[in-house]
Amino acid sequence: AGPDVNTGEREMQWFVEAVGDRMAATGKPKDLGGLPHELGSTGFGVAHAAKVSAEIMGFDMKKTRVAVEGYGNVGSFVCKFLQEMGARIVAVADSKSCAYLESGLECDILTKIKKEGKSVGDYAGAKKISREDIFSLPVDILIPATVTDVIHENNHKKIQAKIIVEGANIPMREDIEQKLFEKGVVVVPDFVANAGGVISSYAEHMGMKENEMFTMVEEKVVSSTKRVLEESLRQKANPRVVAIKIARERVEKKEAERKYTF
């Protein structure tokens with residue numbers, strides 16, 4: 001088992017205890033030898049995917065305006081790591097509202113607000129708007145980091161972002177991605193951008209330490225994002241189409257090299 005929406009290190013501990021085997025789950029608590037996703041591995045990878053995409057598209061990270069849809073395990077760490085990289089987080093949404101502040105939101109304050117049981121829209125000094133409004137803001141990078149299909153037929157035409165980095169799984173259908181691509185929006189596919197959590201689970205399964213895991217996440221996400229976007233620009237092709245082709249070639253190459261013993 002591994003963590004996902006509404007499951008974290010606590011639920012992974014339940015798997016381990018029920019089966020009586022520490023190898024029954026990844027993303028476990030540290031005291032069970034785990035690398036819990038609560039360390040921020042997914043958000044860390046998404047942040048690096050955003051940084052690479054910004055650089056490739058010619059944006060200066062210190063001048064880049066970012067909107068993050070979602071402030072859970074992924075969105076909160078995306079916010080933290082991007083802020084450390086120098087990006088300006090101008091908008092953050094949760095399930096209730098959205099906080100918009102052109103001068104930039106402080107992630108520590110947002111985290112404190114959420115721990116108090118409030119909505120991000122209660123951020124002092126920020127404009128409180130509808131969570132749906134985050135998709136139409138004039139930003140450089142938009143990061144959907146909640147659930148599926150948050151970008152759809154009714155709002156994709158309102159998007160002003162130049163880059164969308166998919167922190168969530170399937171935040172839009174493939175035909176919506178294609179429409180945005182034709183509009184000139186760069187979309188970094190989910191299985192490229194948010195692979196940090198799965199890489200973390202692999203690192204845990206292989207017995208790696210926390211620092212080794214973060215190094216692996218950074219190396220793999222940066223490398224994959226760079227290759228996909230550079231090939232996309234060179235071929236003038238949808239990044240998802242390029243990414244799937246690269247992934248398929250890698251799998252087929254390894255499959256051909258595999259030596260079966262049965």
Side-chain angles (χ1 to χ4, degrees), residues 5 8-9 36-55 57 59-147 150-151 159-168 171 188 193-194 196-197 200 210-211 214 217-218 221-222 225:
V5 178
E9 59 179 88
H37 287 197
E38 281 78 354
L39 291 170
S41 53
T42 304
F44 179 76
V46 173
H48 277 283
K51 182 174 184 288
V52 170
S53 59
E55 291 170 348
M57 298 309 295
F59 289 101
D60 179 349
M61 276 302 287
K62 290 183 169 49
K63 296 178 182 178
T64 301
R65 301 161 71 250
V66 182
V68 181
E69 183 263 334
Y71 204 74
N73 182 254
V74 178
S76 61
F77 283 104
V78 168
C79 184
K80 174 183 182 293
F81 291 120
L82 278 179
Q83 192 171 71
E84 290 175 359
M85 293 173 186
R88 182 157 39 115
I89 313 298
V90 299
V92 170
D94 60 16
S95 61
K96 298 176 182 176
S97 63
C98 174
Y100 179 51
L101 185 61
E102 189 58 35
S103 60
L105 300 162
E106 292 294 329
C107 299
D108 288 345
I109 296 175
L110 286 168
T111 298
K112 183 174 181 292
I113 289 170
K114 293 297 289 182
K115 285 182 178 178
E116 292 171 352
K118 301 176 183 177
S119 170
V120 293
D122 295 319
Y123 190 107
K127 184 178 181 181
K128 186 175 184 178
I129 58 178
S130 163
R131 70 173 312 280
E132 182 65 24
D133 289 339
I134 196 169
F135 299 107
S136 58
L137 294 174
V139 296
D140 301 306
I141 300 177
L142 170 63
I143 302 177
T146 54
V147 294
V150 292
I151 298 174
I159 288 174
Q160 298 186 62
K162 313 298 188 302
I163 300 169
I164 297 176
V165 182
E166 297 185 338
V188 184
N194 71 21
S200 174
E210 184 178 326
N211 64 321
F214 276 114
V217 170
E218 181 176 348
V221 170
V222 166
T225 303

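Nothing fancy with the numbering, it's 1 onward along the sequence.
Side chains of S76 and L110 form no contact here, defined as non-hydrogen atoms less than 4.5 Å apart. At least one side-chain heavy atom of Y123 sits less than 4.5 Å from a side-chain heavy atom of E106. In this structure, E38 and N73 have side chains that are in contact, with non-hydrogen atoms separated by less than 4.5 Å. At a threshold of 4.5 Å between non-hydrogen side-chain atoms, the residues H48 and F44 count as touching. The side-chain heavy atoms of F59 and I163, taken from C-beta on, include a pair separated by under 4.5 Å. When side chains are defined from C-beta on, I134 counts as touching C98, because their heavy atoms get closer than 4.5 Å. Contact of the K51 side chain with the V222 side chain is not registered, since no non-hydrogen atoms from C-beta on lie closer than 4.5 Å. Between V188 and V52, the closest side-chain pair of non-hydrogen atoms is not below 4.5 Å.
By the 30° and 60° cut-offs, the orientation of the rings of F81 relative to F77 is parallel.
Rounding to the nearest 0.5 Å gives a distance of 10.5 Å between CD1 of I141 and NZ of K162. With rounding to the nearest 0.5 angstrom, the CG atom of D94 is 10.5 Å from the OG1 atom of T146. Atom OG of S97 and atom CD of E132 lie 13.5 Å apart (nearest 0.5 Å).
Pairing each heavy atom of S53 with each of V165, the nearest pair is OG-CG2, 4.0 Å. Counting all heavy atoms, side chain and backbone alike, I164 lies closest to P144 at CG2-CD, 3.7 Å. Of all non-hydrogen atoms in E9 and P36, the two that sit nearest each other are OE1-CB, 3.4 Å. Nearest heavy atom pair, residue L137 against residue A91, reads CD1-CB, 3.4 Å. Closest non-hydrogen pair, A145 versus V74, comes out as CB-CG1, 3.9 Å. Across all non-hydrogen atoms, the minimal contact from S136 to Q160 is O-NE2, 2.8 Å.
Using modelled atom types and a 3.5 Å distance limit, the side chains of T42 and N194 yield no donor-acceptor pair.
The salt bridge (charged side-chain N to carboxylate O under 4.0 Å, His left out) test with D122 is passed by exactly one of K114, K96, K128, K112: K128. Between E69 and the choices V150, I143, I151, the side chain to side chain contact (heavy atoms under 4.5 Å, CB included) rule is met once, by V150.
Between E102 and R88 there is a salt bridge, since at least one side-chain N of the basic residue sits less than 4.0 Å from a carboxylate O of the acidic one.
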Intermediate values then yes/no, side-chain contact (heavy atoms from CB on, under 4.5 Å), S119 and Y71: CA-CA 10 Å; S119 170; Y71 204 74; over 6 Å; no
Would Q83 and L105 count as a side-chain contact (heavy atoms from CB on, under 4.5 Å) if you check the C-alpha gap in whole Å, the side-chain angles of each, and the deciding distance to 0.1 Å? CA-CA 9 Å; Q83 192 171 71; L105 300 162; 5.9 Å; no
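Checked by atom type and distance alone, the side chain of S200 never pairs as donor or acceptor with a backbone atom of G196 at under 3.5 Å.
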